[in-house]
Amino acid sequence: MAGITEELTCIGSDLPSILPITRNILRLNDGEIISFWAGGYELTSVEDGEIIKRNPEIVEDTMEAAQKGGYSHFMLKEIHEQSKVAGELLNMLDSSPDLEPFISKIKEARDIYLIACGTSYHAGLLGSVYFNKFAGRAAIPVLAPQFTAQYGSSVGPEDVGIFISQSGETKDVLNAIATAKKQGMGILGLVNVVGSTLTLVSEYHLPLVCGYEISVPATKTYTNQVLALLYTALRCGEKETSELNKIPDLMDLTLKAAEGQLGPIVGKLSGWDDLYILGYGLTYPVALEGALKFKEITYAHCEGMLSTEFKHGPLSAVYDGYPVIFTVGPEDIPLIISGINEVTCRGGHVIAIGFEDSRLEANAQQTITIPEIDISDELKPAVLALLSVIPLQLLSYNCSLDREFDPDFPRNLSKTLTVD
Ligand code: F6R
């Protein structure tokens, strides 16, 4: 679009870049060429070179509204941007100069560590399942502040750490890097903010290409971290990656399907300040991430857990109506049904998230169905795990609004944690 004033004409890719200069905006459509000079412009059609007559409009939006692009919150906008940035990541990975050395370092390493905090750690946890499944390699996920205590004296130059961070400035992550450096370990980065400390200290890094993530709860950077790890694991296992190009469309379909199903579930969870989200295998990290999102923006206690661990203690929390959400992979349904029954026979209320399945419908009180996906059997459960977080992000967002909180800026938290 173009900003037009009497003294200058400026061009920008979005409204926020032009609003500080002028509110007099000319929006450009596909197939139009603008020629411009100080204080003037001419629009022509690409097709026939004809001049197009269109006057600028006065835009009333505030800067904040313009940045939200019509969405009520940054979080909702960023949830909706996931498919677009996933497509951009896949394009970038295919052409990144750092990609081949990044993959070689991992392949040649004695041990691989995935090191991060919070949501980025959950991406690393899912990445470790991908490395095991597709590359036959153990990649050890570790919370960054525990890295020194658990592995600080054992790692050496033969090992590599993949440090995962949206901001690239998280102090807990930088502390772990200091240990890794001291031990001579290889340092790779998976990071969104280009120019951040993590990009500078990594031998090689892959950018997440998500653009700005303004909402404090991470959404699009999480899904791109997971996608980058899935891609890397496949490459390390010398497997085809072309099917991943279907993922952006699948994300949109999942989001659309979730939007239509969440109403009654938000209604059920209204007023509950205590619940669990359970997952197993590939969906275990999804359960942890869903629970983190939920507690972060609803202020309720929501614990993510391996579903099979629930019977080892937490089951005692269940009473009439107590909500327990299960994220279900297609390979795990019989095992999960047994976990569901342990909850429902104590009066608990189960919500199951997964592909449509009559067994889940018969045993859970409510379901969120992810549309069936056209992808090879080998990749399907891995892609489902990536997609399953989307309904949980949206559920947390809607439950936050239901409680009249601001999901973008939850109390006590900040986007970048540069303190110990
Ligand atoms: C939760 C969230 C945090 C961050 C964590 C690490 O929604 O965003 O848990 O994931 O603080 O931040 P980065 O990825 O910047 O290192």
Side-chain angles (χ1 to χ4, degrees), residues 85-86 88-128 130-131 135 137 139-148 151-152 155-213 218 220-236 415-418:
V85 298
E88 286 166 5
L89 176 72
L90 290 169
N91 287 337
M92 186 284 298
L93 286 172
D94 285 334
S95 59
S96 163
D98 270 17
L99 182 72
E100 295 309 326
F102 190 99
I103 302 233
S104 300
K105 285 269 320 177
I106 299 172
K107 278 180 156 176
E108 287 156 16
R110 176 183 65 177
D111 288 328
I112 308 161
Y113 294 83
L114 297 161
I115 305 160
C117 299
T119 287
S120 299
Y121 169 71
H122 298 150
L125 200 56
L126 185 46
S128 80
Y130 289 158
F131 270 92
R137 293 294 309 268
I140 304 160
V142 53
L143 283 161
Q146 271 295 101
F147 178 69
T148 305
Y151 305 107
V155 290
E158 312 85 349
D159 304 315
V160 75
I162 307 176
F163 293 84
I164 310 163
S165 174
Q166 183 284 130
S167 61
E169 299 294 353
T170 302
K171 181 71 172 13
D172 288 332
V173 173
L174 300 183
N175 290 346
I177 291 177
T179 298
K181 272 211 142 136
K182 196 162 129 250
Q183 297 293 113
M185 186 180 175
I187 296 171
L188 301 177
L190 211 51
V191 58
N192 192 41
V193 179
V194 176
S196 60
T197 308
L198 179 52
T199 62
L200 303 178
V201 298
S202 303
E203 285 166 65
Y204 302 103
H205 75 271
L206 297 179
L208 295 167
V209 296
C210 293
Y212 288 112
E213 189 177 64
K220 60 179 176 173
T221 52
Y222 168 81
T223 40
N224 265 14
Q225 287 166 345
V226 170
L227 183 55
L229 289 165
L230 176 55
Y231 180 98
T232 313
L234 288 167
R235 287 290 313 274
C236 286
K415 185 74 183 159
T416 305
L417 284 166
T418 53

Could you give me the CA-CA distance, side-chain angles and deciding distance for Thr221 and Glu213, then say whether side-chain hydrogen bond (donor to acceptor under 3.5 Å, both in side chains) is met? CA-CA 7 Å; Thr221 52; Glu213 189 177 64; 2.9 Å; yes

Report the C-alpha distance between Ile187 and Lys181 in whole Å, list the side-chain angles of each, state the deciding distance to 0.1 Å, and finish with yes or no for side-chain contact (heavy atoms from CB on, under 4.5 Å). CA-CA 8 Å; Ile187 296 171; Lys181 272 211 142 136; 3.4 Å; yes

Using the side-chain contact (heavy atoms from CB on, under 4.5 Å) rule, take Thr232 and Ile103 through it: C-alpha gap first, then chi angles, then the decisive distance, then the call. CA-CA 7 Å; Thr232 313; Ile103 302 233; 4.3 Å; yes

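The heavy-atom pair separating Gln225 from Gln166 by the smallest distance is NE2-N, 3.7 Å.
Taking 4.0 Å as the cut-off between side-chain N and carboxylate O, Lys415 and Glu169 do not count as a salt-bridged pair.
Only one option out of Leu89, Val194, Asn192 pairs with Pro207 in a side-chain contact (heavy atoms from CB on, under 4.5 Å); it is Val194. Of the listed residues (Asn91, Leu206, Val209), just one forms a side-chain contact (heavy atoms from CB on, under 4.5 Å) with Ser96, and that residue is Leu206.
In this structure, Leu125 CG and Ile164 CD1 are separated by 9.5 Å, a value rounded to the nearest 0.5 Å. Atoms SG and CD1, from Cys236 and Ile112 in turn, are 6.5 Å apart once rounded to the nearest 0.5 Å. For the atom pair Ile162 CD1 and Tyr113 OH, the distance stands at 12.5 Å (nearest 0.5 Å). In this structure, the separation between CE on Met185 and CZ on Phe147 is 4.0 Å, given to the nearest 0.5 Å.
With hydrogens and angles ignored, the 3.5 Å screen pairs no side-chain donor or acceptor of Thr170 with any backbone N or O of Asp172.
Side-chain contact between Leu229 and Leu126 is absent, with no heavy atoms from C-beta onward closer than 4.5 Å.
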